[in-house]
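First comes the structure, then the notes that go with it.
The structure presented is a predicted model; accordingly, all values stated were derived computationally and were not measured. Convention: sequence-line order gives letters A, B, ...; per-chain numbering from 1.
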Amino acid sequence: MTKAREDGSMDGQASPGTSLPAAYRPAEIEPEIYARWLEADVFAPDGRGSPADQRKPVFVIIQPPPNVTGALHLGTAARATVEDLMIRRARMQGRPTLWLPGVDHASIAAHLVLDKLIEQEGETRESLGRERYLERMWAFMVETRAVISGQHRRLGVSADWSRERFTMDEVSARAVRTAFKRLYDDGLAYRGEKLINWCPGCRTSLSDLEVVATPEHGTLWFIRYHLLLDDGTPDPDHSITVATTRPETILGDTAVAVHPDDERYRALVGRRVRIPFVERDVPIIADDVVDPAFGTGAVKITPAHDHDDNETGKRHGLPMPTILDDAAAVAGTGTRYDGLDRYAAREAILADLEARGDLAGAKPHEMVVGRCQRSDDIVEPRLKTQWFIRTEPLAAKALAATREGRTRIVPEHFVKTWEHWLTGIRDWNVSRQLWWGHRIPAWYCPDGHVTVSAEPDGPLACDTCGRPAAELRQDPDIFDTWFSSGLWPFSTLGWPHDTADFRRFHPTSVMETGYDIIFFWVARMMMLGIELTGKPPFHTISLSGLIRDPEGRKMSKTKGNVVDPLAIMEEAGADALRFALIHGATAGLDQRFGPQKLELARNFANKLWNAARFVLGARPAEISADAPRPPVAPAADLGPVERWIRSRTAATTEAVDRGIAEYQFAEVTRALYDGIWSEFCDWGIELAKVRLADETVPAAARAATWWTLVDALDTYLRLLHPVMPFVTEAIWGALPHRAGEPDLLIVADWPAGGTRDEALDAAIGEVIDTIVAIRNARAQAELPAGAWLETHVAPPADASATFEALAPAIGRLARARPLALHASAADLARPSGALEIVLPAGDIEATVLPPTTGDQAGDEAGVRDRARLEKELGEAEGHLAAAEARLANRAFTEKAPPAVVDGARTRAAELGEQVARLRERLGR
RNA sequence: GGGCGAUUGGCUCAGUGGUUAGAGCACACGGUUCACAUCCGUGGGGUCACUGGUUCGAAUCCAGUAUCGCCCACCA
């Protein structure tokens, strides 16, 4: 780490007082600066500095782990940028700051990616076998993790890489085993046969969240089931017709249900019908779930392959034969359909029903089918023995935490969604029939006893009967990825061991992530965190929106509209990407991301670069290159411009602080964009230039002007650093530093704020308005832009001193020379053909004398100026009428707050004056 | 079926009760002033989706309607 020397100078690459290269080349400077941060070792929690700082409250973010499956995308970049912003700000405030990075093993997604990869190598999951497949997966992980981490570094992520973690590492594995064991012992994890969601493509069960309801154009078929005669044979003439979208499941039917109050079927309840093909006799039952108005009012019941039917089956004690295998092919029915895929079987069965005359009809039907989130296969409900987490008691604790304010959700409108989901939550199936993931630490003995163990090598013996480990068989299944993700905030800190990190950094400060994984991830972290550690894992949940393409569509590989953040960073810089991602986003709302936003950000970085180049190059000759930077410029040497610049940096600091406190990060960039560009560059620097170049100004005053520019730039760089860390670091390195400053901006102090001077803000505002009005009049009159024109100004009485002090600047910026200031509008020089300027404030007037007064060009300019005045008069009259109407309303003057009424009176008076003067100018 | 969000200039979006609704882009006109043409100056452009209500005052609060988007949901 480079050290600040005693005199406050530094020995890094850029040194104070040096000039910046003329061209801003982000792709060149960014990696170099990142290397310097790494070298300085400032990303660790205590990398910031002084012992006093270490007593401040810690600020902790556990990074939402990106999936290992692929490259960084814009969404990940957006998350990382916001987190980096918060971390850098906290670090500059002197807080010990931990940002723990990591990667998630993304079980199913990783399987799909690797399966494709090995397919190209001529292999399959089966051909490799579990062991070799997992070896291959680990090798793949090493590659992708390096890519992901490199991309985060390129983006400027200031995470503590020494603490980088992976959900499949041994510490995580220990946390998973311990968590599961504890949940099992507390009765919060159980094994049971239930109807679960089965993805035939992935060959695994899924949680409810991983099933995506998808609208589909289906068919509703009507099928006759024949009633049984007394002798037990089907009655060819009497039947009951059921309606179904899934005819193939008749092989698993064990009842027909009707509504108990349905007169049409009352007499049939209790009788039996024959299910074709399987030739099974099943009862007609009555149940409230049946909607008499739907279909025929009679429903076939397939308890092993339909969620509704399963409930019905349980209520009536029906048999639940399973008729589909892992691939969703018909199996075990003893019919000729065995071995057929579910849809082939459907066609065959429909044809056979038709042939038997039992297909009573069919009609198109709009329906919803569940599809696998990852593979898009249609999910098949199946009966299976699985591990479940009992979520109700966990959800109650998570709800209590947010309701009691121990964890806050921003933006607030997500609270309803949160409440709704946690209130109606169902048990979580955590078993997955896959290989890549944490193996469930449950062992079964030949007698069927279950032993759950948190030991790395498993149990020594069966907990129930004491059979030795050799006779026990471990569950082949693995956990849902989100089970280990749900432990992330504390498993990364060493839990279940009471580590120093855990004691110091848990609970964490902020969980920032996209709203799309609020249930998958955030809710699970809250539930498991509170249950296992006793505390909510974070104080604030900040949910942000998703990045969409310029047309508002979700970015996806299949649509081909995915933007590669790396390409953007090479072209425009990581800073520009970061700024664009933050600037375009309102908290919690999706944003469209396109080239325009990136250009805005890149232009802004370029603008800042050039402003800095100007400031560095504008140093008065009297200030030597190594002159110590004064702690504060002497107040006596400051003019109105200098004091105004200070006031405006204070205003920007307030706005930035407020934006961060409220998680309104776009407000932060807006305040900085306006403050730096519209105020500092457009006016601060332009006004200061005049004084810097004025030889009649005392050297000390000119020095104060320059130091003021340096101070302001310094403050803006600090404020902007969390958003655009690279360019600000590069520029800051070239600025003169005060004694005792660190050599890197990343560990410099956050601005303390300053004092606003509102009277001065107003006075300079009037100067600016005057300059703009003069430019406007000249442009409207189509006078040559470069011409120096004699100009007369009558400033308002309360700002005359400011106008006086800024006269040279007004002259230069309005190209008004010679410029004369007058105590009263009556004193203005006003030859015929002069442009007449009357400001809306009412008591500022000015005239501009065109060079061509008297000739044809001058007359034309005069005509155009008159048209401008007419327009302004029209507008002023309209506003005046509105203001007077408001004041004439007694309800307003009596009920509105006095300050508002006073404001309206002032406004009306000013408008009245403006109207009167405009009329006078127009000769009315 | 329930819930949430959005609707503001040609485009993308800010703006949660108070004078004249803002920005960037796009557009028009003008600029070789030694920080920046990735720039500078000036300008045009909006009945704030609709209807009703509350209020002295509504883009903003309330109710309803419409359109779009998203989430949740066991009607075959």
Tell me the interatomic distance from [X], atom [atom1], to [N], atom [atom2], rounded to whole angstroms.
{"X": "A/E599", "N": "B/C36", "atom1": "CD", "atom2": "C1'", "answer": "16 Å"}
{"X": "A/K416", "N": "B/A73", "atom1": "NZ", "atom2": "P", "answer": "18 Å"}
{"X": "A/H583", "N": "B/G22", "atom1": "NE2", "atom2": "C1'", "answer": "12 Å"}
{"X": "A/F604", "N": "B/A23", "atom1": "CZ", "atom2": "P", "answer": "17 Å"}
{"X": "A/Y673", "N": "B/G24", "atom1": "OH", "atom2": "P", "answer": "6 Å"}
{"X": "A/W421", "N": "B/A73", "atom1": "CH2", "atom2": "C1'", "answer": "14 Å"}
{"X": "A/I518", "N": "B/C72", "atom1": "CD1", "atom2": "C1'", "answer": "12 Å"}
{"X": "A/L709", "N": "B/A35", "atom1": "CG", "atom2": "P", "answer": "12 Å"}

Phosphate OP1/OP2 of [N] contacted by [X] side-chain N/O (<4.0 Å):
{"X": "A/W677", "N": "B/C40", "result": "yes"}
{"X": "A/N603", "N": "B/G24", "result": "no"}
{"X": "A/R775", "N": "B/U42", "result": "yes"}

Report task. Indicate yes or no: at least one non-hydrogen side-chain atom of A/F519 is less than 4.5 angstrom from one of A/I517. Result -> no

Query raised in the report: Pick the nucleotide of RNA chain B nearest each of A/E782 and A/A243; which residue has the one closer to the 5' end?
Result: A/E782

Which nucleotide, if any, forms a Watson-Crick or G-U wobble pair with [N], using both distances under 3.5 Å?
{"N": "B/A76", "answer": "none"}
{"N": "B/G17", "answer": "none"}
{"N": "B/A37", "answer": "none"}
{"N": "B/C27", "answer": "B/G43"}
{"N": "B/C70", "answer": "B/G3"}
{"N": "B/G64", "answer": "B/C50"}

Have a look at [X] and say if it touches a base, only the backbone sugar-phosphate, or nothing, with a 4.0 Å heavy-atom cut-off.
{"X": "A/A904", "result": "nothing"}
{"X": "A/R815", "result": "base"}
{"X": "A/P550", "result": "nothing"}
{"X": "A/W418", "result": "nothing"}
{"X": "A/V772", "result": "sugar-phosphate"}
{"X": "A/Q780", "result": "sugar-phosphate"}
{"X": "A/K871", "result": "sugar-phosphate"}
{"X": "A/F414", "result": "nothing"}
{"X": "A/R602", "result": "base"}
{"X": "A/K597", "result": "sugar-phosphate"}
{"X": "A/N889", "result": "sugar-phosphate"}
{"X": "A/L546", "result": "nothing"}

Using the [atom1] atom in both, what is the distance from [N] to [M], to the nearest Å?
{"N": "B/C71", "M": "B/A58", "atom1": "P", "value": "37 Å"}
{"N": "B/G57", "M": "B/U20", "atom1": "C1'", "value": "16 Å"}
{"N": "B/C62", "M": "B/A28", "atom1": "C1'", "value": "44 Å"}
{"N": "B/G69", "M": "B/G46", "atom1": "C1'", "value": "24 Å"}
{"N": "B/C72", "M": "B/A26", "atom1": "C1'", "value": "40 Å"}
{"N": "B/U67", "M": "B/C50", "atom1": "P", "value": "16 Å"}
{"N": "B/A63", "M": "B/C75", "atom1": "C1'", "value": "32 Å"}
{"N": "B/G43", "M": "B/A49", "atom1": "P", "value": "27 Å"}

Report yes if a donor N or O on one partner sits less than 3.5 Å from an acceptor N or O on the other, where the partners are the side chain of [X] and the base of [N]; otherwise report no.
{"X": "A/R907", "N": "B/U20", "result": "yes"}
{"X": "A/K607", "N": "B/C36", "result": "yes"}
{"X": "A/E686", "N": "B/A35", "result": "yes"}

Between [X] and [Y], does at least one N-O distance fall below 4.0 Å, as a salt bridge requires?
{"X": "A/R907", "Y": "A/E910", "answer": "no"}
{"X": "A/D865", "Y": "A/R868", "answer": "yes"}
{"X": "A/E311", "Y": "A/K314", "answer": "yes"}
{"X": "A/R592", "Y": "A/E551", "answer": "no"}

Would you list the atom pairs, donor with acceptor, under 3.5 Å between side chains in residues 875-883 of chain A and any protein atom, with sequence neighbours excluded?
residue: A/E877; atom: OE2; partner: A/R919; partner atom: NE; Å: 3.2
residue: A/E877; atom: OE2; partner: A/R919; partner atom: NH2; Å: 2.7
residue: A/H879; atom: ND1; partner: A/E875; partner atom: O; Å: 3.3

Report summary line: Looking only at B/A76, B/A6, B/G18, the nucleotide nearest the A/F892 side chain is B/G18

Report task. From the options A/R346, A/K300, A/H305, select the one residue that forms a side chain to side chain donor-acceptor pair (under 3.5 Å) with A/T249. Result -> A/K300

Report task. Please confirm whether the backbone N or O of A/I518 pairs with a side-chain atom of A/W421, one donor and one acceptor, at under 3.5 Å? Result -> no

Query raised in the report: Nearest heavy-atom pair of A/G573 and A/P26: which atoms, and what distance?
Result: CA-CB, 3.6 Å

